[in-house]
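First comes the structure, then the notes that go with it.
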Amino acid sequence: MTENYPRLRAELDGIPTYKPGKPAASGGAAGYKLSSNENPYPPLPGVLESVIGAAGAFNRYPDMACTELMTELAEHFGVPAGHLATGTGSVGVAQQLVQATTNAGDEVIYAWRSFEAYPIIVQVAGAQSVRVPLTDGEVHDLDAMLAAITDRTRLIFVCNPNNPTGTIVRRAELERFLDRVPGDVLVVLDEAYREFIRPGAGEADEMPDGIEIYRDRPNVCVLRTFSKAYGLAGLRVGFAVAHEPVAAALRKTAVPFGVSQLAQDAAVASLRSEAALLERVDSLVAERGRVHSALAAQGWTLPEAQANFVWLRLGEQTLDFAAACDRAGVTVRPFAGEGVRITIGETAANDLMLGAAEAFRKEM
Ligand SMILES: *Cc1c(COP(=O)(O)O)cnc(C)c1O
């Protein structure tokens with residue numbers, strides 16, 4: 001019998017599957033998950049209450065225009081509501097941006113290694129990925145990215161801080177880059193970890209903030225999310241800030257009713273509880289400093305860490321290191337043959353990881 005399956009788009013062949021971070025190990029004493037850059041803190045009481053309140057009405061569709069959230073965001077960031085668009089996580093918004101800008105064969109440039117969702121959403125759209133290797137220092141190579149622009153380039157992602165290396169491009173070099181990108185190419189500043197950035201001595205003015213940078217640049221779009229610093233990863237809500245034509249294109253490409261009322265209400269409550277949330281971010285940043293120094297003291301070489309994770313370029317030893325962490329009760333995120341991304345979590349989890357790293361180092 002000949003099988004008669006529906007014809008599917010050839011572009012779907014060979015799409016890499018998104019690998020979610022491994023769950024915490026079950027069994028054994030403690031199981032901690034340091035593999036998905038999640039916030040280790042449980043929801044703030046006020047945020048949880050707002051979600052529980054919204055749960056009583058989930059027989060109804062959510063507010064499709066996210067009115068209250070849009071109003072809150074506009075006020076919070078000092079941008080016109082017409083410059084905002086929300087989506088099902090900032091990955092959802094990133095996918096809409098690719099759909100809104102590319103036809104088959106058009107090119108999307110991004111650094112590599114960077115966020116693993118980029119190749120997937122580009123390929124699903126039928127567009128072409130152009131990957132520009134990071135510098136030896138694990139930072140975006142903006143000159144090489146400029147050189148990669150062709151007349152088929154429609155969108156460039158700049159992941160800042162970069163996932164999984166944790167490095168940032170600083171403001172002056174970012175602006176120099178933006179000055180040279182043609183005005184008809186959309187530059188997406190993916191700032192999922194923006195709240196974790198801390199300046200070194202004397203460089204406060206050099207910290208990149210897309211919401212300042214986009215204002216006089218019609219071809220820049222900033223992506224932010226409630227998943228990381230705000231701790232709402234499971235609720236799926238992110239947003240973009242961009243000039244009117246881009247924001248309008250995002251509203252056109254949105255899945256109707258994509259952002260649930262639970263997510264909208266939690267996001268509004270989070271913005272209103274921002275002080276308490278940012279205190280938690282401060283503790284994670286302090287913990288990041290402790291972990292980074294401890295690893296350096298063990299003899300590891302690692303790049304600056306400006307997000308809620310650290311990056312170890314372990315090459316061929318990547319999977320062995322991840323297995324050693326597993327045995328110690330912490331799951332980390334290996335990229336086989338390249339390196340390991342380790343989320344900053346609870347102190348106890350970080351300590352278990354540091355113990356495993358020290359033992360691994362001695363065996364190397
Ligand atoms: C986690 C992450 C996001 C956010 O994903 P959501 O869809 O908002 O949960 C976006 N970009 C990067 C680089 C990330 O690491």
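If you're wondering where the values come from, they're calculated on a predicted model, not measured in any experiment.
Membership of the apolar cluster around I15 extends to L12, Y18, V91, V93, L97, V98, V108, Y110, W112, F115, Y118, I120, I121, V122, V124, L155, F157, L186, V188, L223, V246, L250, as traced through chained side-chain contacts below 4.5 Å between ILVMFWY residues. Hydrophobic cluster membership of I168, counting Ile, Leu, Val, Met, Phe, Trp and Tyr whose side-chain heavy atoms lie under 4.5 Å apart directly or via other members: I197, M207.
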### Working for side chain to side chain contact (heavy atoms under 4.5 Å, CB included), residues Q128 and R154
CA-CA 10 Å; Q128 204 63 45; R154 292 291 172 273; over 6 Å; no
### Message
Determine whether M70 and T86 satisfy the following criterion, side chain to side chain contact (heavy atoms under 4.5 Å, CB included), listing intermediate values before the conclusion.
### Response
CA-CA 8 Å; M70 292 289 235; T86 53; 4.1 Å; yes
### Worked verdict on K22 versus R333 for side chain to side chain contact (heavy atoms under 4.5 Å, CB included)
CA-CA 7 Å; K22 241 173 96 166; R333 177 68 172 89; over 6 Å; no
### Message
Between K228 and N37, is the side chain to side chain contact (heavy atoms under 4.5 Å, CB included) condition met? List the steps.
### Response
CA-CA 7 Å; K228 308 286 162 52; N37 298 343; 4.2 Å; yes
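Salt-bridge check for E212 with R217: failed, with every basic side-chain N at 4.0 Å or more from each acidic carboxylate O. At a threshold of 4.0 Å, the pair E203-R198 does not count as salt-bridged, since none of the basic side-chain nitrogens sits closer than that to a carboxylate oxygen. A salt bridge is absent between R113 and E138; no separation between the charged side-chain nitrogens and carboxylate oxygens falls under 4.0 Å. One finds no salt bridge joining D136 and R313 here, because no Lys/Arg side-chain nitrogen approaches an Asp/Glu carboxylate oxygen to under 4.0 Å. Between R170 and E304, at least one side-chain N (NZ, or NE/NH1/NH2) sits under 4.0 Å from a carboxylate O, which counts as a salt bridge. Between D351 and R290, at least one side-chain nitrogen of the basic residue sits less than 4.0 Å from a carboxylate oxygen of the acidic one, meeting the salt-bridge criterion. Using a 4.0 Å cut-off between charged nitrogen and carboxylate oxygen, R224 and E191 count as a salt-bridge pair. One finds a salt bridge joining E68 and R272 here, because a Lys/Arg side-chain nitrogen approaches an Asp/Glu carboxylate oxygen to under 4.0 Å.
Note: F321 and W300 have perpendicular aromatic rings, judged against thresholds of 30 and 60 degrees for the angle between ring planes. Between H83 and Y214, the two ring planes are perpendicular [angle over 60°; tilted spans 30° to 60°].
Side-chain N/O atoms of H76 and E274 include a donor and acceptor closer than 3.5 Å. No hydrogens or angles considered: a donor-acceptor pair under 3.5 Å links the side chains of E287 and N350. Counted by atom type alone, Q261 and D265 present one or more donor-acceptor pairs between their side chains at under 3.5 Å. In summary, the side chains of N162 and T165 do present a donor paired with an acceptor at a separation below 3.5 Å, with no hydrogens or angles considered. Judged purely by distance below 3.5 Å, without hydrogens or angles, the side chains of E107 and T150 pair a donor atom with an acceptor atom. Between the side chains of R341 and N163, at least one donor N or O sits under 3.5 Å from an acceptor N or O. Counting only N and O atoms by type, the side chains of D141 and T135 include no donor and acceptor under 3.5 Å apart.
Among all heavy-atom pairs drawn from P334 and L319, the shortest one is CB-CD2, 3.9 Å. Here the closest non-hydrogen pair linking Q264 and V259 is NE2-O, 3.0 Å. In terms of heavy atoms, A125 sits closest to T102 at CB-OG1, 4.0 Å. In plain terms, the two heavy atoms of Y230 and S270 that are nearest each other are CD2-CB, 3.8 Å. Across all non-hydrogen atoms, the minimal contact from A267 to L69 is CB-CD1, 3.7 Å. In plain terms, the two heavy atoms of I344 and L284 that are nearest each other are CG2-O, 3.8 Å.
Residues I109 and T153 form a side-chain contact, since some pair of their non-hydrogen atoms from C-beta on lies under 4.5 Å apart. Side chains of L84 and F77 form no contact here, defined as non-hydrogen atoms less than 4.5 Å apart. At least one side-chain heavy atom of I149 sits less than 4.5 Å from a side-chain heavy atom of I156. Put simply, the side chain of P119 reaches to within 4.5 Å of the side chain of R131, judged on heavy atoms. The shortest side-chain heavy-atom distance between C221 and V241 does not fall under the 4.5 Å cut-off. Side-chain contact between V187 and F177 is present, with heavy atoms from C-beta onward closer than 4.5 Å.
Hydrophobic clustering (ILVMFWY, side-chain heavy atoms < 4.5 Å, transitive): V291 and F360 are in one cluster. At a threshold of 4.5 Å between side-chain heavy atoms, the hydrophobic network of Ile, Leu, Val, Met, Phe, Trp and Tyr places V169 and W311 in two separate groups. Residue L134 is not grouped with residue L174 when hydrophobic side chains (ILVMFWY) are merged at heavy-atom distances under 4.5 angstrom, including chains of intermediate members. Hydrophobic cluster membership is shared by L44 and V51, with clusters built from Ile, Leu, Val, Met, Phe, Trp and Tyr side chains linked at under 4.5 angstrom. Residue L271 is grouped with residue L262 when hydrophobic side chains (ILVMFWY) are merged at heavy-atom distances under 4.5 angstrom, including chains of intermediate members.
In this structure, the separation between CZ on R171 and CZ on R176 is 13.0 Å, given to the nearest 0.5 Å. The line from CG of N39 to CG of L277 is 8.0 Å long, rounded to the nearest 0.5 Å. Between atom CG of residue L235 and atom OG1 of residue T88 there is a gap of 12.5 Å, rounded to the nearest 0.5 Å. Atom CZ of R180 and atom CG of L142 lie 9.5 Å apart (nearest 0.5 Å). Taking CG from L278 and OG from S283, the interatomic distance works out to 10.5 Å, rounded to the nearest 0.5 Å. In this structure, OG on S260 lies 10.5 Å from CZ on R236, to the nearest 0.5 angstrom.
Between the T343 side chain and the F309 main chain, no donor and acceptor come within less than 3.5 Å of each other. No side-chain donor-acceptor contact under 3.5 Å links H243 to the backbone of V220. Listed for the S36 side chain is a donor-acceptor partner under 3.5 Å among the backbone atoms of G21.
In this structure Y41 satisfies the ring pair (Phe, Tyr, Trp, His ring centres under 6.0 Å) test with no other residue, sequence neighbours excluded.
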